[in-house]
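See structure below.
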Amino acid sequence: MPPHLYAIADSAYQAMLTYRENQSMLITGESGAGKTVNTKKVIQYFALVAAGGAVADNIGSKSNSMTLEDKIVAANPALEAFGNAKTLRNDNSSRFGKFIRIHFGASGRLSCGDIETYLLEKSRVTFQLAGERNYHIFYQILSGKKPELTDKLLLTKDPYDYPSISQGVITVKNLDDGDELLLTDEAFSILGFNAEQIDGIYKISAAILHHMNMTFKNKQREEQAEPDGTEPADKCCFLLGLNSSEFLKYLCNPRVKVGTEFVTKGQTCDQVSYSKAALGKAVFERLFNWLCVNINVALATTLPRNYFIGVLDIAGFEIFDFNTFEQLCINYTNEKLQQFFNHHMFVLEQETYKKEGIEWETVDFGMDLAATLDLIEKPMGILAILEEECMFPKATDTTFRDKLYANHMGKTNAFGKPGIRSKGQRDAHFELHHYAGTVGYNINDWLEKNKDPVNASVAALYKKSSLPLLHTTWENWVDPNDAGAGSSGGKKKKKGGSGKTVSSGHKESLSKLMTTLRSTSPHFVRCIVPNEVKQPGLMAANLVLHQLRCNGVLEGIRICRLGFPNRMPYGDIKQRYRILNPSILPEGQFLDNKKACEKLMASLDVDHE
């Protein structure tokens, strides 16, 4: 039944070959609509139709016998193990965005591939809502499918022994974590990872579980924290190649720079617990980023790259019972992509008609998202105020909220206090009116999430680890104290030398993505959630209609019916249809393409309307 996913993919491939232009496929939709599954199908399709038998340039016994097509397909299980998790709406939700570029040679043969990732949801490593799970890899290594792995990683088989992965549910219907572990392990081999790297991946994953099991208590008659037992820390440090006593000492008493000297700082149990969680998230994120870089190495070849088709699979628009900083970043991204769709479908379409001199009355489709986007990204917008507050040591969530209210309350229709539109979304401090609905956001811990600080003393230990993979993932980490001192003229860097914040990094990567997309010819795949109960064969009409209306599909159909969906450059028409009356356009005679087309068409017995 058209339009079929493969038909869209094939039209992108044929357009690339015909027009010699880079293409992109934007696979979008709400959370749980099927974006990741469709992305996999598209990649498998390209791997099949453009198979060139190319072998990627990396070393490894099993890897050497694998073609590039095998490796592109194998990248999915590896990425999904570390980047996908069960959410309330989706049993295999991508908790990061990815832009997969598949490069082709001049003849259309597969050349190589690379993957760019965006905004991994780190908070899931330490916290899950009821009914949700942590990342799949943690349950895979506890499955017992590879008994030698369970013993080597000092793990039990019961997820409830690890509170950081059992706050929600621990199983997923129709998903066998043991079988998935074997698929993940096989993917690592196909991608050419060596035994030491695979060993390091599993050790770091297990170490995070032990790390999050550490508990602390107050010293007698003091507020200073100390370890409440050392077994989890000992297991964690054994796997990570660290000294356990040194690790615990710096976790409870980090060294901080005051002026030109370092002093030891005492911490409360709450401070140590926060630091523990921040380190767990940072270790996981760096492992994930290393994985993505090395998958790109596995997909590299020396074959020429002439064109690419980029496939975008990014977290869909989210409205949960509890929405926080991660949801704002995800929804901001979707708002930008929707604006790109609107601009391509509505604005450019009508500008083309005017440019070509076609009689056309401009239609306002009421799909302008500028107000919400300006509110988020412009100077003195939400992200700018967040950045500003992160520069002040005494700033709190309350001062951030007050500044938001002072700058935006009553000044734009896109911003408001929690009201009836965001009813049912708990603990909201403000609401934003997005294209897909109104979302109430909770701002607790936004400043810390944005600054994303880690215990510098422990991070310095990671750089000296005897586990090669941990050392590799942390070798480019820079101590904020050193960064501040090392900037020109002895001046401290902006934000106290702490480097890039999460929001500024996300804005920058999103800007690069949009620039890339604008340089391509886009194709859109809209995924629709048919019902809220994950039941096959059930179509909730109002839910589907709401999505079609919000994401611009209905307006797209309307403009296609009113307008001219098929068009070709004059030069292509002249070249393709000259054969119908060659005498009217003699060889060797120069004629402007547009005039040549008019002359050719006038000579043919066709309906000129």
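Computed from heavy atoms alone, side chains included, the values below leave out hydrogens, waters and symmetry copies.
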Taking it one step at a time, do D70 and T67 satisfy side chain to side chain donor-acceptor pair (under 3.5 Å)?
CA-CA 5 Å; D70 294 323; T67 63; 3.1 Å; yes
Centroid separation under 6.0 Å, is that true for the rings of F524 and F341?
yes
Nearest heavy-atom contact between Q547 and C527 is OE1-O, 4.4 Å
Checking E180 against Q140: is there a side-chain donor and acceptor pair closer than 3.5 Å?
no
At their closest point, which heavy atom of N442 faces which heavy atom of D427, and how far apart are they?
ND2-O, 2.7 Å
Cation-pi check, R133 onto Y139 ring (under 6.0 Å, within 45° of axis)
yes
Return yes if some donor-acceptor pair links the side-chain N/O of Q197 with the main-chain N/O of N194 below 3.5 Å, else return no.
yes
Looking only at heavy atoms, what is the nearest atom pair of Y307 and N22, with distance?
CA-OD1, 3.3 Å
Can you see which heavy atom on M214 is nearest to which on A233, and at what distance?
SD-CB, 3.5 Å
I'd like to know whether the aromatic ring centres of Y13 and F104 sit less than 6.0 Å apart in this structure.
yes
N450 side chain to T501 main-chain N or O, any donor-acceptor pair under 3.5 Å?
no
Taking only Lys NZ, Arg NE, NH1 and NH2, and the carboxylate oxygens of Asp or Glu, determine whether R124 and E326 approach each other closer than 4.0 Å.
no
Using a distance-only test with no angle check, is there a side-chain donor-acceptor pair under 3.5 angstrom linking D10 and H4?
no
Give a yes or no on whether N542 atom CG has more than 12 heavy-atom contacts from other residues, nucleotides or ligands under 6.0 Å away.
no
Looking at T156, is its backbone amide N or carbonyl O close enough to the side chain of Y162 to form a donor-acceptor pair, meaning the two atoms are under 3.5 Å apart?
yes
What I want to find out is whether K534 reaches D91 closely enough, with some N-O distance under 4.0 Å, to be called a salt bridge.
yes
Would you say the ring centers of H434 and F317 fall short of 6.0 Å from each other?
yes
E231 atom CD, neighbour heavy-atom count above 12 within 6.0 Å:
no
Quick check, are the ring centers of F82 and F96 under 6.0 angstrom apart?
no
Classify the ring geometry between Y135 and F284 as parallel (under 30°), tilted (30 to 60°) or perpendicular (over 60°).
parallel
Would you say that more than 12 heavy atoms from the other residues, nucleotides or ligands in this model lie under 6.0 Å from the CZ of F238, or not?
no
If you take all heavy atoms of G131 and K86, which pair is closest and at what distance?
O-CE, 3.2 Å
Are any side-chain N or O atoms of N134 and backbone N or O atoms of S164, one a donor and one an acceptor, separated by less than 3.5 Å?
yes
Note: A78 and F188 closest approach over all heavy atoms is CB-CE2, 3.9 Å
Taking salt bridge (charged side-chain N to carboxylate O under 4.0 Å, His left out) as the criterion, tell me which of R95, K281, K449 meets it with E121.
R95
